[in-house]
Amino acid sequence: MINQEDFFKKIISHAKEYGFVFPSSEIYDGLSAVYDYGQNGVELKNNIRQYWWKSMVQYHENIVGIDAAIFMHPTTWKASGHVDAFNDPLIDNKDSKKRYRADVLVEDHMAKIEGKITKEVAKAQKRFGDAFDETQFKTTNQRVLDYQQQIDTISQRFYAALEKNDLQDVKQLIEDLGIVCPVSGSRNWTEVRQFNLMFSTKMGSTADGANEIFLRPETAQGIFVNYLNVQKTGRMKLPFGIAQTGKAFRNEIVARQFIFRMREFEQMEMQFFVRPGDEKMWYEYWKKERMNWHLSLGIPADKYRFHDHEKLAHYANAAADIEFEFPFGFKELEGVHSRTDFDLSAHQKHSAKKLQYFDPETNQSYVPYVVETSIGLDRMFLAILSNAFSEEKLEDGSERVVLKLPALLAPYKAAILPLMKKDGLPEKAREILAELQEDFMCHYEEKDAIGKRYRRHDAIGTPYCITIDHQSLEDNTVTIRERDSMAQDRIPVEELAAIIRKRIRPVKQA
RNA sequence: GCGGGCAUAGCUCAGUGGUAGAGCAUCAGCUUCCCAAGCUGAGGGCCGUGGGUUCGACCCCCAUUGCCCGCUCCA
């Protein structure tokens with residue numbers, strides 16, 4: 001068994017060599033953490049997206065889809081919490097090479113002083129016993145007053161600096177307070193730099209008259225702001241869902257591991273609106289439903305696991321990840337979150353538009369609760385690809401590289417191969433190609449020996465190779481070769497489409 | 001952002017201070033009735049980019065970009 005790191009590298013180079021994933025703008029030396037999908041990659045990616053869409057929208061009568069724009073009104077991100085929650089001032093300690101959030105350092109420092117007050121109080125309490133009046137002590141004891149004064153001074157200056165975005169003063173404050181790095185113990189700090197999660201750009205034809213807007217960091221908000229539009233025009237009754245796939249953009253501090261963490265990526269999200277109080281039930285429902293979706297692709301169950309969040313985001317009351325065992329370990333692939341009424345309430349407040357649902361059963365209006373399923377399309381792509389990649393040693397001692405992709409997702413469903421480039425075999429093969437193309441992505445190839453063509457299609461995951469030989473001209477039969485087993489059957493041409501269609505179905509889950 | 005490593009043909013890699021090679025792949029032709037066959041021929045590289053040292057740099061030095069590993073961050 002080769003080590004995981006080498007295995008991952010092989011997958012990356014295979015992805016490039018066979019037209020799945022290219023580094024972005026490669027002829028200009030690439031662009032960090034951005035990748036392009038090639039001729040085979042785009043098919044696989046489309047197929048994953050399509051299968052997700054079918055599973056969510058087509059198979060659920062109470063789920064509909066939308067496609068909201070990437071540009072959104074700036075207030076959207078104020079309401080969602082992204083503007084406030086993801087603007088972190090960062091600072092590095094040059095000696096320990098550790099990075100900290102500058103605000104956390106200062107807050108910790110204040111907490112330390114706070115701790116001293118608590119200690120004084122505890123000491124005094126011991127001294128005075130039952131007669132101790134904490135409030136009085138805190139307002140009269142000089143030492144406590146001094147500490148409190150310190151905290152007030154720091155916090156005043158600190159929050160003023162943050163408000164004005166005065167990062168130099170934040171650094172100055174850290175120096176003035178003599179804050180040291182917990183690891184190196186030194187005060188050798190870099191400048192404070194602002195980290196912004198969201199990419200911004202200017203909307204407007206002239207720079208001076210333009211407004212700053214953001215590229216969405218998640219697709220979910222496009223659903224929330226359209227909640228009322230869809231509910232009204234679709235006459236949707238709770239519970240119902242809105243699904244959407246699309247690009248999102250995050251300015252990651254460290255974006256790495258191939259397409260696992262990219263700055264531009266694609267999400268597939270579904271927000272499910274439920275009656276308050278029902279959210280736990282639906283949260284459990286969607287956890288199970290989404291796991292079944294993954295298993296329906298025939299990937300072993302032990303590659304997946306749930307990871308329940310201990311620490312919850314500002315909008316959630318329950319959250320679990322579906323993790324997948326990537327070549328670099330178990331990592332988040334999909335999130336199922338119970339988002340409460342946080343988002344709709346926030347938008348209701350910021351927009352001053354009523355985002356409520358009138359429930360005829362209870363005769364009440366309320367803001368619905370939301371259960372979200374959110375999966376990274378690129379991560380799914382990587383999960384499928386890394387699970388499929390295998391190198392096999394054959395009985396004759398030769399080796400082959402096979403992408404054992406779920407047939408449903410493979411870029412090509414069938415390769416149409418005349419055994420030889422003469423005697424009318426290509427003509428016959430093209431007839432069959434024209435027939436199958438109506439239903440499936442097919443690839444015609446007549447160059448090179450048949451074995452070589454088989455291997456080429458193994459490498460891009462084509463599940464079926466249809467070979468046309470001399471017998472085909474006589475009795476209208478062909479051989480169909482199965483990718484994983486390499487076994488061949490001879491079947492009548494007219495049955496081909498039905499057989500392929502039947503074999504590429506997903507695995508039904510209980 | 002910091003530390004370390006890497007960058008030569010489409011891919012995997014050799015290489016020497018005196019202006020570049022192999023295997024595979026690609027293309028053309030011949031041969032071949034089922035798992036990377038053979039023969040013949042062809043195309044393809046200002047040796048990541050920009051400076052410097054030198055008579056002369058793919059090679060030495062500096063910078064820069066990208067990738068990989070580790071740290072940091074992560075809804």
Side-chain angles (χ1 to χ4, degrees), chain A residues 4-6 8-10 12-14 16-19 22-35 80-82 85-86 88 90-101 104 181 183 190-193 195 197-198 217-218 220 248 250-258 260-261 267 309 311-316 319 321 328 331-332 335 337 339 342-343 372 374 392 394-402 417-423 425 447-459 465-473 478-481 483 485-488 490:
Chain A
Q4 293 297 290
E5 198 179 299
D6 288 343
F8 189 40
K9 280 182 179 166
K10 275 191 181 176
I12 294 170
S13 59
H14 188 86
K16 188 184 164 194
E17 190 177 349
Y18 288 92
F22 305 125
S24 161
S25 328
E26 199 187 7
I27 61 169
Y28 292 110
D29 285 336
L31 186 62
S32 185
V34 184
Y35 291 88
S80 70
H82 284 83
F86 299 106
D88 301 335
L90 299 178
I91 190 165
D92 294 284
N93 183 271
K94 290 177 186 167
D95 299 311
S96 65
K97 313 290 183 203
K98 296 283 174 191
R99 166 168 296 173
Y100 300 93
R101 281 175 48 175
V104 170
C181 168
V183 176
T190 64
E191 292 302 311
V192 176
R193 290 176 314 275
F195 166 71
L197 170 96
M198 291 190 287
E218 63 176 18
R250 296 181 188 182
N251 217 344
E252 304 284 352
I253 301 173
V254 175
R256 231 183 255 164
Q257 277 160 331
F258 195 40
F260 183 80
R261 179 168 288 137
Q267 295 183 305
H309 285 212
K311 215 177 85 187
L312 294 170
H314 59 274
Y315 53 72
D321 293 338
F328 40 86
K331 297 278 180 188
E332 177 182 0
H337 294 178
R339 292 182 80 128
F342 175 88
D343 299 277
E372 164 192 270
S374 171
E392 288 183 348
L394 301 180
E395 282 177 17
D396 64 3
S398 67
E399 283 183 27
R400 70 164 187 160
V401 176
V402 199
L417 316 170
L419 187 59
M420 300 210 305
K421 204 169 37 174
K422 60 179 186 187
D423 301 338
L425 296 183
K447 195 180 155 39
D448 290 318
I450 190 71
K452 203 173 215 173
R453 284 179 274 166
Y454 285 153
R455 298 299 171 86
R456 271 206 289 265
H457 275 283
D458 288 342
C465 288
I466 315 295
T467 304
I468 292 85
D469 57 16
H470 286 87
Q471 189 182 332
S472 308
L473 299 178
V478 292
T479 59
I480 180 166
R481 167 192 182 267
R483 177 194 65 206
S485 65
M486 301 195 291
Q488 285 179 293
R490 181 165 284 277

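The chains referred to below are lettered A, B, ... by the order of the sequence lines, with proteins before strands, and numbering in each begins at 1.
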I'd like the [atom1] distance from [M] over to [N], given in whole Å.
{"N": "B/G3", "M": "B/C46", "atom1": "C1'", "result": "34 Å"}
{"N": "B/U26", "M": "B/G18", "atom1": "C1'", "result": "33 Å"}
{"N": "B/U12", "M": "B/C74", "atom1": "P", "result": "35 Å"}
{"N": "B/C59", "M": "B/G15", "atom1": "P", "result": "15 Å"}
{"N": "B/A63", "M": "B/C13", "atom1": "P", "result": "27 Å"}
{"N": "B/A42", "M": "B/G4", "atom1": "C1'", "result": "44 Å"}
{"N": "B/G45", "M": "B/C34", "atom1": "C1'", "result": "38 Å"}
{"N": "B/U54", "M": "B/C62", "atom1": "C1'", "result": "16 Å"}

Under a 3.5 Å cut-off for both distances, is [N] Watson-Crick or wobble paired, and to whom?
{"N": "B/G41", "result": "B/C27"}
{"N": "B/C58", "result": "none"}
{"N": "B/U49", "result": "B/A63"}
{"N": "B/U19", "result": "none"}
{"N": "B/U72", "result": "none"}
{"N": "B/C34", "result": "none"}
{"N": "B/A9", "result": "none"}

For the pair [X] (side chain) and [Y] (backbone), establish whether a donor and an acceptor sit closer than 3.5 Å, ignoring hydrogens and angles.
{"X": "A/R453", "Y": "A/P418", "answer": "yes"}
{"X": "A/H14", "Y": "A/A459", "answer": "yes"}
{"X": "A/R400", "Y": "A/R455", "answer": "no"}
{"X": "A/D423", "Y": "A/L425", "answer": "no"}

Salt bridge or not for A/R339 and A/E218, using N-O below 4.0 Å?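 Salt bridge present between A/R339 and A/E218.
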Is any NZ, NE, NH1 or NH2 atom of the basic residue among A/R483 and A/D458 found under 4.0 Å from an Asp or Glu carboxylate oxygen of the other? no
Of A/E218 and A/S13, whose nearest nucleotide on RNA chain B comes first from the 5' end?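 First, find each residue's nearest nucleotide; the 5'-ward one identifies A/S13.
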To the nearest Å, give me how far apart [atom1] ([X]) and [atom2] ([N]) are.
{"X": "A/I12", "N": "B/G66", "atom1": "CD1", "atom2": "C1'", "value": "14 Å"}
{"X": "A/F328", "N": "B/C74", "atom1": "CZ", "atom2": "P", "value": "18 Å"}
{"X": "A/H14", "N": "B/G10", "atom1": "NE2", "atom2": "C1'", "value": "15 Å"}

Examine A/F258 together with A/Y35 and report whether their ring centres are nearer than 6.0 Å. yes
Polar atoms only, N or O, under 3.5 Å: list the protein pairs with nucleotides 32-39 of chain B and their distances.
from, atom 1, to, atom 2, distance (Å)
B/C33, N3, A/H470, ND1, 2.4
B/C33, N4, A/H470, ND1, 2.5
B/C33, N4, A/H470, NE2, 3.2
B/C34, O2, A/Y454, OH, 2.6
B/C34, O2, A/Q488, OE1, 3.3
B/C34, O2, A/Q488, NE2, 2.7
B/C34, N3, A/Q488, NE2, 3.3
B/C34, N4, A/D469, OD2, 3.0
B/C34, N4, A/T479, OG1, 3.4
B/C35, O2', A/R455, NH2, 2.9
B/C35, O2, A/R481, NH2, 3.3
B/C35, N3, A/R481, NE, 2.7
B/C35, N3, A/R481, NH2, 3.4
B/C35, N4, A/R481, NE, 3.2
B/C35, N4, A/M486, O, 2.7
B/A36, N7, A/E399, O, 3.4
B/A36, N7, A/R455, NH1, 3.3

